Number of protein chains: 2
Amino acid sequence: MPKSQLRSQLNLSESGEDYLKAIFQLREELRRTHDSDLVTTNALAARLGVAPGSVTGMVKKLADLELVTHAPYRGVNLTEVGERLALELVRHHRLLELYLTRVVGFRWDEVHDQADALEHAISEEFEDRIDEMLGNPAYDPHGDPIPTKEGQITGPELAPLAAMIPDPDRIYTIVRVLTQDPTLLRYLDQLRLTPGTHIRLMARAPFGGDLRVATETAECLISPLIAGVMLVMHSGH
Amino acid sequence: MPKSQLRSQLNLSESGEDYLKAIFQLREELRRTHDSDLVTTNALAARLGVAPGSVTGMVKKLADLELVTHAPYRGVNLTEVGERLALELVRHHRLLELYLTRVVGFRWDEVHDQADALEHAISEEFEDRIDEMLGNPAYDPHGDPIPTKEGQITGPELAPLAAMIPDPDRIYTIVRVLTQDPTLLRYLDQLRLTPGTHIRLMARAPFGGDLRVATETAECLISPLIAGVMLVMHSGH
DNA sequence: ATTGAGATTTTGGCATACCTCAATTATAAA
DNA sequence: TTTATAATTGAGGTATGCCAAAATCTCAAT
Ligand SMILES: [Mn+2]
Ligand SMILES: [Mn+2]
Ligand SMILES: [Mn+2]
Ligand SMILES: [Mn+2]
């Protein structure tokens, strides 16, 4: 079923769409770290900047629409339809981020908030046009995978640089950064630590100290916190 | 004061923005035909697809914000600030319409509804970028003038083709079409009666009959209703 | 100038959506 | 079993909309 039908049939509010997307993203994060599928009320409230009571209310509404399953006092999960809808929103968001950087000329630290506003307002036709204009891209400016029109989302196995063992002979490729913080994004840009860059992890200071990272042209020190949001892949060589 | 400040300070709802824009546009239409400045409750209700009572309520809110003046039972008018805000929205709308046709590749009958949704969602920076990308355009795809960033709106004196006297030697330029109806827009496109086209008014059938119009390559008959929305300018020659 | 019919506008009552806060209840760790 | 944490409930607030009754205006006829 094309998304336009799904979205217009359900006539979901912008707020409802935000909840769905937040549930999807929090679940992704849970799967990366823990092994859970259930998103808690508090986590959702924090993410959306809303009181916990508001979350319970909206979650009930979404459960009535069969977009989520709700186990009271335990957590929320997406149904198949809910996940599909969430993926369509994530697709909008990430396509827009890439469009805003590649076509409109924004920096990668400027696009998240704009995409958050635009993702609810664009038409399916607009989505299709920019997808084509961008050559059916698979990744957004931060390396986040863009779901296909059919709702498929894939990507290589990635691990944070923070989990790697220093080895000057091993080359990694930066694939994705797990942050939308403009300040951090600008800082990474300045150090040329952006998706696509080849790096080597030279050394790690003891007791949670900084990591020494070499690009092809320079070396720098980054905190474990930063290394935790940089997802890398083993590079050939 | 830049619009971003004006918009964020007032924190006006999307609904409020729609009212402001509707008041502005109805007032423009009144000025063209009658000589009034006061927009009636009913006209606003019809335009916005809302009950008259809803209009009274919102108008009161806008009057509290000093964006409009409200003379009960008489009508509503924009204050200076309200007009400024309305012009900023109209600028968004018309820039977006042009952008959607020229850059994204939509036809002129497809862009109005999309611009209506997007005009509330884009940032000032996005507005500036597409304005630059389009070369600071003065007119949208329908020939509607685009207000400047400073809120200036100008345009040549125009009259509907319907008001012209047939004269095969006189050449007009189509400058603007006063409709957003997709069916009519497609029809005009098909007849090549689009802004920029040079035409001559050959004849007019009696008793409100059709007008015979010649383009450089063809002739066609159009109804007085259509000729009423086609605004033309005397062309050199 | 006055009047009264008809049209328009406002008012007041109600509904829905989304939010907050405070009190209550459930869960799970100590 | 106790206690801390988390989630839900219920009351209440704001924004926006609808409808129908009441108020007000307009305008043509006297
Ligand atoms: Mn983003
Ligand atoms: Mn992203
Ligand atoms: Mn338009
Ligand atoms: Mn237009």
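Just so you know, these numbers use all the heavy atoms, side chains as well, and skip hydrogens, waters and symmetry mates. As the structure is a prediction and not an experimental result, all values here were calculated from the model. Every chain is numbered from 1, with letters handed out A, B, ... down the list of sequences.
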### Query
Leu12(B) CG to dT16(D) C1': how many Å, rounded?
13 Å

### Task
Return no unless some side-chain N or O of Lys61(B) is found under 4.0 Å from OP1 or OP2 of dT14(D).
no

### Message
Angle between ring planes, Tyr99(A) versus Tyr99(B), binned at 30° and 60°: parallel, tilted or perpendicular?
### Response
perpendicular

### Query
Between Leu20(B) and Ala86(B), which heavy-atom pair has the shortest distance, and what is it?
O-CB, 3.8 Å

### Task
Rounded off to whole Å, could you give me the NE2-to-P distance for the His120(A) and dC18(C) pair?
12 Å

### Query
In Å, rounded to the nearest 0.5 Å, how long is the span from CZ of Arg47(B) to OG1 of Thr40(B)?
10.5 Å

### Task
Would you mind telling me which of dT9(C), dC18(C), dA7(D) lies closest to the side-chain atoms of Ser13(A)?
dC18(C)

### Task
Mind checking Val50(A) for me? I need base, sugar-phosphate or nothing, with any heavy atom below 4.0 Å counting as a touch.
sugar-phosphate

### Passing candidate, salt bridge (Lys or Arg N to Asp or Glu O under 4.0 Å) with Arg91(B), options Glu127(B), Glu97(B), Glu119(B), Glu124(B)
Glu127(B)

### Message
Nearest to the Tyr19(A) side chain among dG17(D), dC19(C), dT8(D), which nucleotide is it?
### Response
dC19(C)

### Task
Please state whether the phosphate of dA7(D), meaning OP1 or OP2, lies under 4.0 angstrom from any side-chain nitrogen or oxygen of His70(A).
no

### Task
May I have the distance from Met58(A) (atom CE) to dA7(D) (atom C1'), rounded to whole angstrom?
17 Å

### Task
Identify whether any heavy atom of Gly75(A) sits under 4.0 Å from a base atom; if not, whether one sits that close to sugar-phosphate; answer base, sugar-phosphate or nothing.
nothing

### Query
Under 4.0 Å: is that the gap between some side-chain N or O of Asn42(A) and OP1 or OP2 of dT5(D)?
no

### Task
Just compare dG17(D), dT10(C), dT8(D) and give me whichever is closest to any side-chain atom of Pro72(B).
dT10(C)

### Task
Could you say whether Pro52(B) or Gly16(A) is positioned toward the 5' end of DNA chain C, judged by the nucleotide with the nearest heavy atom to each?
Pro52(B)

### Whole-Å distance separating the CG atom of Asn11(A) from the C1' atom of dC18(C)
16 Å

### Query
Between Asp64(A) (CG) and dC18(C) (P), how many Å, whole number?
13 Å

### Query
Quick one: Leu38(A) CG to dA6(D) P, roughly how many Å, whole number?
16 Å

## Note on the structure
The nucleotide from dT20(C), dC25(D), dA7(D) with an atom nearest the side chain of Tyr73(B) is dC25(D)

### Value in whole Å for how far the P atom of dC18(D) lies from CG of Leu44(B)
13 Å

### Which atom of Leu48(B) lies closest to which atom of Ala22(B), heavy atoms considered
CD2-CB, 3.9 Å

### Query
So, is Ser15(B) near the phosphate of dG17(D), with a side-chain N or O under 4.0 Å from OP1 or OP2?
yes

### Message
Please determine whether a side-chain nitrogen or oxygen atom of Thr56(A) lies at a distance below 4.0 Å from atom OP1 or OP2 of dT9(D).
### Response
no

### Message
Tell me the interatomic distance from Lys60(A), atom NZ, to dT8(D), atom P, rounded to whole angstroms.
### Response
8 Å

#### Entry: Candidates dC18(D), dT9(C), dT8(D) - which lies nearest the side chain of Ser54(B)
dC18(D)

### Summary
Taking dT16(D), dA28(C), dC18(D) as options, the one with an atom nearest any side-chain atom of Arg74(A) is dA28(C)

### Task
Determine the interplanar angle of the Phe106(A) and Phe126(B) rings, folded into 0 to 90°, and report it as parallel if under 30°, tilted if 30 to 60°, perpendicular if over 60°.
parallel

